[in-house]
Amino acid sequence: MEDKNTNVKAEEGKATVKRIAVLHIPGEEPIELPILSGTEGHDVIDVKQLGTHGYFTYDPGFLSTASCQSKITFIDGEKGILLHRGYPIYELAMKTSYLEVCYLLLYKELPNEEQLEKFKSKIRYNTMVHEQLPKLFQAFRRDSHPMAIMCGIAGALSAFYHDEINNNNPRDRELVAIRLLAKIPTLAAMAYKYSEGEPFMYPQNHLSFTGNFLHMMFATPCEPYVVNPIIEKAMDRIFILHADHEQNASTSSVRFAGSTGANPYACIAAGIAALWGPAHGGANEACLRMMETIGSVKNIPKYIAKAKDKNDPFRLMGFGHRVYKNYDPRATVMRDTCHEVLKELNITDHPLLDVAMELERIALEDPYFIERKLYPNVDFYSGIILNAIGIPTSMFTVIFAVARTIGWISHWCEMQEDPSSKIVRPRQLYTGYPTRSVKPIGER
Ligand code: CMC
């Protein structure tokens, strides 16, 4: 493929055709394909029209495919950069609260004080769930994984709010966003309470978003519960660090489902299902369980060897990323937060932290990990913090889902607003039988 430079400059705020690529297929007329430039990152070749020439592109796992245009989040995986609406994740984590980040993702700008107060109030008065919803929990076994419950319960929200949603109406979309942001933490805490056999706790309007979540998780009707500000701050930061991550598997699942015009609550359930896998959001739980299995620093070499062995399915959880080929910038903040939290909680001796630090040190010096650019990702340290602040391991991925709800819904809103959105319908390279005739059953 050659590249015909048209010298058109990239314009800020929208994709621009900067150059034209020319595809030469032997024996056929050259095909011209526009090269689109965004405001940051790699240029992309627009192959939309290729199908009209009788060809499709083949890219399992979307290794080299941009599935949409988006203005929400930018990642430079080589440099380890993550921006939400242009703001670096480190600054957002240090200078803002989770709800400010939610506002930013949803409304495109950081809020001023008045806007934030109004936003908080909208969320606060939507945290309760319909009184029929708690009854659904009774249908689950007590030992159900809370992510299994979340898949079902989030999908069930669509039964409560279906007829009144017009996906094309911005006010309806905003209401969907507010409801989800407010109700998913309530449902997440209920999933935990159900697994513990404890009564559900109603939301408390005088608490912060994060404080209220901790209250619904850990309070009981028997005595007053006081939110620990250190734990509240750590949890809020964990929420910020997981709020969005551009076109990852779960967000793409939400977009895929959303492209059909499906009920948005059902679309979020699709995101929760995709998040659950250990290669994605389930990695935080898998990572902590792995560290518990390793148990002690002296066992690390054995597990490093297993991770490198092609005949062993074991992978070092919390390491590697499809996009980051450098340190995950969220992991850097997470590691600092982890040390901060343990210090503030006076936890001087945390055996898993010793394992984590030594594992990280050894892996970062090992040629296997260096050559493959496998660095710690966000899940490497998050489990230790969550463990230190008393969150049970089975709830780790649920916490991720609570935090990521704003990312999913912001992407869902963006795609509804985008006039170029189409139903997602990938093509395939068929390698099955060519046409054949059905034989009568006696001859098969
Ligand atoms: N441990 C050992 N080897 C690994 C690991 C790992 N964690 N990750 C990748 N590799 C190897 C892999 O075997 C392959 O080696 P080779 O080239 O010799 O065949 C090479 O590195 C490339 O791996 P890949 O599977 O082709 O890379 P991918 O981009 O398809 O997968 C990943 C990315 C995140 C699924 C993978 O790195 C992984 O399974 N990591 C562990 C799970 C994890 O921590 N996931 C959380 C991701 S961050 C949270 C989120 O945003 O979801």
Side-chain angles (χ1 to χ4, degrees), residues 59-65 72-78 80-82 84 89 147 238-254 270-291 293-294 300-335 356 359-360 362-386 393 396-408 411:
D59 184 18
F62 289 172
L63 287 170
S64 305
T65 296
I72 302 175
T73 292
F74 171 72
I75 301 174
D76 184 329
E78 299 298 327
I81 291 172
L82 168 62
H84 292 320
I89 188 66
M147 278 302 276
I238 286 175
F239 284 161
I240 293 176
L241 294 175
H242 287 90
D244 189 44
H245 213 228
E246 54 119 297
Q247 312 308 323
N248 55 83
S250 57
T251 303
S252 295
S253 302
V254 172
I272 293 176
L275 186 76
W276 192 5
H280 190 10
N284 51 15
E285 178 178 342
C287 186
L288 196 93
R289 294 201 192 282
M290 174 194 79
M291 286 188 202
T293 309
I294 294 175
I300 292 176
K302 183 174 123 198
Y303 285 92
I304 295 269
K306 274 167 78 64
K308 288 156 57 174
D309 181 356
K310 287 279 151 243
N311 299 317
D312 190 325
F314 177 80
R315 277 192 168 197
L316 216 50
M317 301 313 285
F319 260 78
H321 198 274
R322 168 61 61 79
V323 184
Y324 293 121
K325 301 303 166 198
N326 200 325
Y327 222 99
D328 179 341
R330 301 168 300 172
T332 317
V333 186
M334 204 63 97
R335 186 178 51 183
L359 197 58
E360 181 183 10
I362 294 180
L364 290 179
E365 286 174 1
D366 190 304
Y368 174 94
F369 292 88
I370 295 170
E371 280 157 22
R372 289 168 182 75
K373 299 186 176 167
L374 299 171
Y375 292 87
N377 60 46
V378 68
D379 292 320
F380 192 69
Y381 279 102
S382 65
I384 297 174
I385 309 179
L386 290 170
T393 313
F396 287 6
T397 312
V398 176
I399 302 288
F400 196 155
V402 168
R404 184 55 60 84
T405 297
I406 187 60
W408 293 329
H411 281 270

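One-based numbering, in listed order, for ligands and for the atoms of each.
Comparing heavy-atom distances from atom 36 (C) of ligand 1 across H242, R315, R404, H245 singles out R315 as nearest. For atom 29 (O) of ligand 1, the candidate residues are R322, E246, R330, K308; the nearest heavy-atom contact is made by R322. By heavy-atom distance, the residue among M290, R372, E371, H321 lying nearest atom 51 (O) of ligand 1 is H321.
The shortest N or O to N or O distance between F319 and ligand 1 is below 3.5 Å. The shortest N or O to N or O distance between L316 and ligand 1 is below 3.5 Å. Taking distance alone, with nitrogen or oxygen atoms compared against 3.5 Å, A279 approaches ligand 1 more closely than that limit. In terms of polar-atom proximity, G318 is counted as a contact of ligand 1, with an N or O under 3.5 Å from an N or O of the ligand. No N or O atom of D379 sits closer than 3.5 Å to an N or O atom of ligand 1.
By the 6.0 Å and 45° rule, R372 does not stack over the aromatic ring of F369.
Put simply, the residue from T73, T251, D244 that forms a side-chain hydrogen bond (donor to acceptor under 3.5 Å, both in side chains) with H411 is D244.
Ligand-side atoms of ligand 1 in range of A283: 43 (C), 44 (O), 45 (N), 46 (C), range being under 4.0 angstrom from any heavy atom. Distances below 4.0 Å separate heavy atoms of Y368 from the following atoms of ligand 1: 2 (C), 3 (N), 4 (C), 11 (C), 13 (O). In the vicinity of A307, heavy-atom distances shorter than 4.0 Å reach the ligand 1 atoms 2 (C).
L359 places a side-chain heavy atom less than 4.5 Å from the side chain of I304. F380 has its side chain within reach of M291: a pair of non-hydrogen atoms, C-beta onward, lies under 4.5 Å apart.
Inside a 4.0 Å radius of atom 22 (C) of ligand 1 there is not any protein heavy atom. Atom 26 (O) of ligand 1 lies below 4.0 Å from none of the non-hydrogen atoms of the protein.
Judged by distance alone, the side chain of N326 and the main-chain N or O of E78 form a donor-acceptor pair under 3.5 Å. A donor-acceptor contact shorter than 3.5 Å links the side chain of N248 to the backbone of E246.
Among protein heavy atoms, the minimum distance from atom 19 (O) of ligand 1 is reached at K310 NZ, 3.7 Å. For atom 34 (C) of ligand 1, the closest heavy atom belonging to the protein is G320 O, 3.7 Å. Scanning the protein heavy atoms around atom 42 (C) of ligand 1, the nearest turns out to be M317 CE, 3.4 Å. Nearest protein heavy-atom neighbour of atom 52 (O) of ligand 1: H280 ND1, 2.5 Å. With respect to atom 4 (C) of ligand 1, the closest heavy atom belonging to the protein is L374 CD1, 3.5 Å.
Under 4.0 angstrom from ligand 1, the non-hydrogen atoms of P278 all belong to its backbone.
Side chains of W276 and T397: a donor-acceptor N/O pair is absent below 3.5 angstrom, by distance only.
In this structure, CE on M290 lies 10.0 Å from OH on Y303, to the nearest 0.5 angstrom. Taken to the nearest 0.5 Å, the NE2 atom of H242 stands 4.5 Å off from the OG atom of S382. Taken from CG in L288 to OG1 in T393, the straight-line distance is 5.0 Å, to the nearest 0.5 Å.
A ring-centre distance under 6.0 Å is found for H321 and H245. Not less than 6.0 angstrom separates the ring centroid of Y375 from the ring centroid of Y324.
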